[in-house]
Amino acid sequence: MTPQGAANIAVALAQNVEYQGRKVSRHGSEQRRQLILDAAMRIVVRDGVRGVRHRAVAAEAGVPLSATTYYFKDIDDLINDTFAQYVERSAAYMARLWQGTEDTLRGLMAKGDGSPQARAVLADEIALMAANYLQHQLQTRREHLMAEQAFHQAALINPRLALLVRSHQQIFLQGAGHIFEVLGSRQPEQDAKVLTAIIGRMEYQALLNGTQPVADDDRLVILTRYMHLVLVAL
């Protein structure tokens with residue numbers, strides 16, 4: 001495994017993302033297409049996926065209605081490509097995050113002696129890292145999380161969107177699995193599934209309930225308990 005193995009996983013998954021709309025080659029055309037996709041994403045965050053309509057997106061982007069129908073023959077293509085772009089950007093963000101996290105964890109592990117006491121300290125540090133990640137997401141990427149929830153809900157009845165949602169989930173899941181491998185987990189895939197499920201629920205509850213300081217403490221307690229169950233018993 002390379003030191004940036006988890007980061008490479010995110011990049012590789014992003015390369016498999018497929019766009020459905022009209023392909024463009026000119027710089028000006030790509031800029032306008034980008035403008036439309038960004039406008040559609042703002043609508044998703046504000047009004048949900050059902051709010052994405054050609055006329056609404058054109059107005060939000062400040063382009064003629066004919067521009068949206070030129071690049072995207074129907075609403076499904078527009079919605080698909082809006083989330084495809086999100087997945088690509090999310091992969092780039094996660095690649096940077098995984099690289100820094102993996103380097104940090106290897107450094108922490110090098111300081112320990114592998115004893116239960118050392119692994120307990122490591123579990124505490126990883127739990128704190130995960131809690132800080134959640135707090136950062138909620139403070140600086142709230143709109144991204146809102147968009148994820150909207151797309152995940154729409155994917156239940158949209159097979160094409162479901163494919164993208166599964167790809168997006170794999171970016172986090174496989175990266176987390178690699179991290180657990182680095183930590184010496186006996187069941188890295190299962191541990192990654194549980195951790196990503198915990199974090200996903202925490203994100204949803206925080207979006208639903210708003211900012212609550214007591215929730216930050218509660219999340220840290222839960223994450224600490226889980227990391228101790230995984231790492232200290234090894």
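If you check the side chains of Q137 and H144, you find no donor sitting under 3.5 Å from an acceptor. Side-chain contact, T68 with H54: a donor N or O sits under 3.5 Å from an acceptor N or O.
Classification of E60 and R46 as a salt-bridged pair holds, one side-chain N sitting under 4.0 Å from a carboxylate O. A salt bridge is absent between K193 and E189: the closest approach of a Lys/Arg side-chain nitrogen to an acidic carboxylate oxygen does not fall below 4.0 angstrom. Look at D124 and R225 and you find no salt bridge, because none of the NZ, NE, NH1 or NH2 atoms lies under 4.0 Å from a carboxylate O. We find that R33 and D81 are joined by a salt bridge, their nearest charged nitrogen and carboxylate oxygen being less than 4.0 Å apart.
Within the cation-pi definition used here (under 6.0 Å to the ring centroid, within 45° of the axis), R141 qualifies as a partner of Y93.
Aromatic ring pairs are classed by plane angle as parallel below 30°, tilted from 30° to 60° and perpendicular above 60°; the pair F180 and Y226 is perpendicular. Taking the six-membered ring where the residue is Trp, Y86 and H168 present tilted rings, their angle falling between 30° and 60°.
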Salt bridge (Lys or Arg N to Asp or Glu O under 4.0 Å) between R186 and D191, intermediate numbers included | CA-CA 9 Å; R186 295 191 183 97; D191 290 337; over 6 Å; no
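When hydrophobic clusters are built by joining Ile, Leu, Val, Met, Phe, Trp and Tyr residues whose side-chain heavy atoms come closer than 4.5 Å, directly or via intermediates, L173 is not grouped with I179.
Heavy-atom neighbours of Q153 CD from other residues, nucleotides or ligands within 6.0 Å: at or below the threshold of 12. Other residues, nucleotides and ligands place more than 12 heavy atoms under 6.0 Å from the CD atom of Q34. Open room surrounds CD1 on I157; 12 or fewer heavy atoms of other groups in view lie less than 6.0 Å from it.
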